[in-house]
Amino acid sequence: MAWSTLWAYLLLAGLSAGKYIVPGGRWHDTDGDLVNAHAGCVTVDKNTGKFWLFGEYKTEGQTEGGGVSVYSSDDLATWESHGLALAPVEGHSYIAPSNIIQRPKVVYSKVTNEYHMWWHADNSSYGLLLQGFARSPNISGPYTFVSATAPLGNWSQDFGIFTDYKDGRSYALYSNGDRKEARDVYLTSYNEDSTALEKVIHRFDKYDLEAPTIVQTEKSYYALMSHKTGYRPNNVVAFRADSLAGPWSQPFTVAPLNTRTYNSQSGFTLTIKGKKKTTHLYLGDQWDSNSLWESRYIWLPMKIDDDKKTLDLVWNDVYDLNVETGEWTPVKGKTYFAADAKTAGGAFKQEANFASKGTIATGIYGNDSTVSFDGIVGAGKPQWVSFYYQNTDDMGFGDQPGGSPDRIGGSWQLRRIASVVVNGNTERVETLFQRDTHKGIVLSTPLLLTLEQGKKNTITVGGLWNGFGFKGADLDRIIVYPAEKDGNRG
Ligand SMILES: *[C@@H]1O[C@H](CO)[C@@H](O)[C@H](O)[C@H]1NC(C)=O
Ligand SMILES: *[C@@H]1O[C@H](CO)[C@@H](O)[C@H](O)[C@H]1NC(C)=O
Ligand SMILES: *[C@@H]1O[C@H](CO)[C@@H](O)[C@H](O)[C@H]1NC(C)=O
Ligand SMILES: *[C@@H]1O[C@H](CO)[C@@H](O)[C@H](O)[C@H]1NC(C)=O
């Protein structure tokens with residue numbers, strides 16, 4: 001091996017030491033099952049440095065009552081399932097399969113030397129509005145139910161926990177619900193041992209927000225929350241303060257407007273203090289209200305500037321996070337433009353000043369009206385391909401129950417669904433979900449594809465049945481990312 005080749009090899013090996021993080025992809029665990037832990041948290045095991053992901057466990061056709069699942073990881077990209085940390089108990093008043101067990105959070109208590117799990121505990125009509133508490137000597141569980149209580153006598157809906165790294169003290173964040181008189185989000189301190197709430201530190205009054213989380217820098221605290229639009233994403237906002245008691249700033253948006261926070265809802269943030277760099281991660285949920293258990297994860301680095309007092313999510317299709325150094329690097333891919341692609345049938349290219357090369361491909365319907373990208377270099381093993389698309393169905397109505405999100409009374413959940421075929425092999429049709437993007441907004445969504453090694457690949461995109469028609473979204477471009485060194489898990 002020549003020195004230059006060896007050097008390049010070592011460099012590549014070093015750079016891709018961890019697996020890639022792919023926001024919005026289908027994430028599989030080490031058993032090959034979908035990672036199923038929604039609206040949860042990541043807790044770091046102080047002794048081993050291992051990351052533990054907790055979340056709502058949902059199975060096909062079931063929306064609530066699955067309990068709390070738990071996964072472990074050394075790199076935040078490879079996840080091993082450890083089953084349920086908190087299993088539902090038939091006939092129980094608070095953790096029966098008919099109960100709501102939402103937004104679970106786990107913190108370590110130095111005083112009890114145990115792990116404490118807290119969550120939004122409720123009945124199926126959201127009439128209880130309590131906080132559940134369970135504990136375990138083992139981070140992975142099983143957790144034993146302790147209580148479900150009203151925090152300092154009040155209501156509690158969407159729940160979050162924040163632990164201040166400066167003094168180790170934990171705080172609960174909770175919105176007190178959808179009632180007219182309860183549009184506040186509370187920030188309340190726990191007692192020393194994190195077994196009960198002690199004191200309201202701040203109330204975010206009448207902003208009518210939910211899904212709260214706090215991220216801490218050297219100088220500031222930023223509280224992120226979403227608006228209340230159910231499973232439809234909206235513009236997540238943040239507040240900034242020097243201290244938890246405030247004064248807190250006005251809320252500001254954290255992602256480009258009309259991307260609806262890259263189609264995600266806030267819920268948790270994680271800080272990686274690496275040897276070289278501190279990276280703050282936004283751990284958001286991309287809900288799929290048609291199939292909740294398949295909901296995806298939008299995990300993105302945040303760019304925080306304490307001098308300018310700003311916080312912005314940084315979109316990456318695919319990135320490589322080194323949890324030891326704290327550094328993350330965007331993975332570079334090769335771009336193929338719709339402007340240069342072939343259209344067939346009723347599909348055609350249309351002027352679009354917001355699109356790449358001023359052109360977008362539209363009319364992508366069924367099997368016949370397709371767009372084909374040619375000459376694609378493949379790796380001969382699974383690799384992520386990001387499809388940049390526009391879904392204009394935010395304007396549509398009449399063909400969808402309840403109308404669209406940007407109409408009065410809108411309740412949209414329609415997404416366009418495309419078929420993706422590699423090298424004309426219709427035996428294997430991949431499904432690409434393309435959620436609403438707002439008119440004139442191009443977003444991307446990833447799919448793991450296996451292309452032949454070399455330059456001769458063709459990717460053909462058509463439209464699949466979305467409940468209303470065989471409709472794929474408009475296409476701007478695709479970006480083909482390199483395969484990971486030790487294979488993608490997808
Ligand atoms: C939930 O609890 C509230 C308050 O006790 C009660 O009014 C409501 O009927 C309960 N809902 C169900 C489905 O049990
Ligand atoms: C703690 O959890 C780990 C991982 O699931 C398991 O191997 C171990 O046996 C558990 N220990 C106890 C005391 O339950
Ligand atoms: C409960 O919440 C409401 C609305 O935020 C507030 O007016 C009331 O003071 C709270 N009660 C307690 C006991 O904290
Ligand atoms: C697309 O092709 C498949 C398989 O040939 C066929 O079953 C399906 O009906 C076609 N769909 C449309 C919309 O033409």
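Whatever order the structure lists them in is the order used to number ligands and atoms, beginning at 1. Just so you know, these numbers come straight off a predicted model, no measurement behind them. The basis for the numbers below is simple: all heavy atoms, side chains too, and nothing from hydrogens, waters or symmetry mates.
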Q) Distance from Y115 atom OH to S136 atom OG, nearest 0.5 Å? A) 9.5 Å
Q: Could you tell me if the ring centre of Y174 sits under 6.0 Å from that of F159?
A: no
Q | Side chain, backbone, both or neither: E181 near ligand 3, heavy atoms under 4.0 Å | A | backbone
Q.
Out of all atoms in ligand 3, which are within 4.0 Å of some heavy atom of D184? Include the element for each.
A. 4 (C), 5 (O)
Q: For L152, take its heavy atoms, then give the atoms of ligand 3 lying under 4.0 Å from any of them.
A: 13 (C)
Q | Test side chain to side chain contact (heavy atoms under 4.5 Å, CB included) applied to N154 and L197, T188, L129, N176, the passing residue | A | N176
Q: Specify whether W299 and W27 have parallel, tilted or perpendicular ring planes, treating 30° as the upper limit for parallel and 60° as the lower limit for perpendicular.
A: perpendicular
Q) Does one side chain, of Y231 or N290, offer a donor that lies under 3.5 Å from an acceptor on the other? A) no
Q.
Centre-to-centre under 6.0 Å for Y71 and H82, is that the case here?
A. no
Nitrogen or oxygen contacts under 3.5 Å, ligand 1 side and protein side:
unit_1   : atom_1 : unit_2 : atom_2 : d
ligand 1 : 2 (O)  : N123   : ND2    : 2.3
ligand 1 : 11 (N) : N123   : ND2    : 2.9
ligand 1 : 11 (N) : S125   : OG     : 2.7

Q. Judged by non-hydrogen atoms, does R203 sit under 4.0 Å from ligand 3?
A. yes
Q | Sub-4.5 Å side-chain heavy-atom contact between Q286 and R435 | A | yes
Q) Relative to W155, does R179 satisfy both conditions: NZ or CZ under 6.0 angstrom from the six-membered ring centre, and within 45 degrees of the ring's axis? A) yes
Q) Using a heavy-atom cut-off of under 4.0 Å, does the side chain or the backbone of W155 touch ligand 3, or both, or neither? A) neither
(Q) Does any N or O of ligand 3 fall below 3.5 Å from an N or O anywhere on K206, backbone included? (A) no
Q. Can you name the residues that form a ring pair (Phe, Tyr, Trp, His ring centres under 6.0 Å) with Y389, not counting sequence neighbours?
A. none
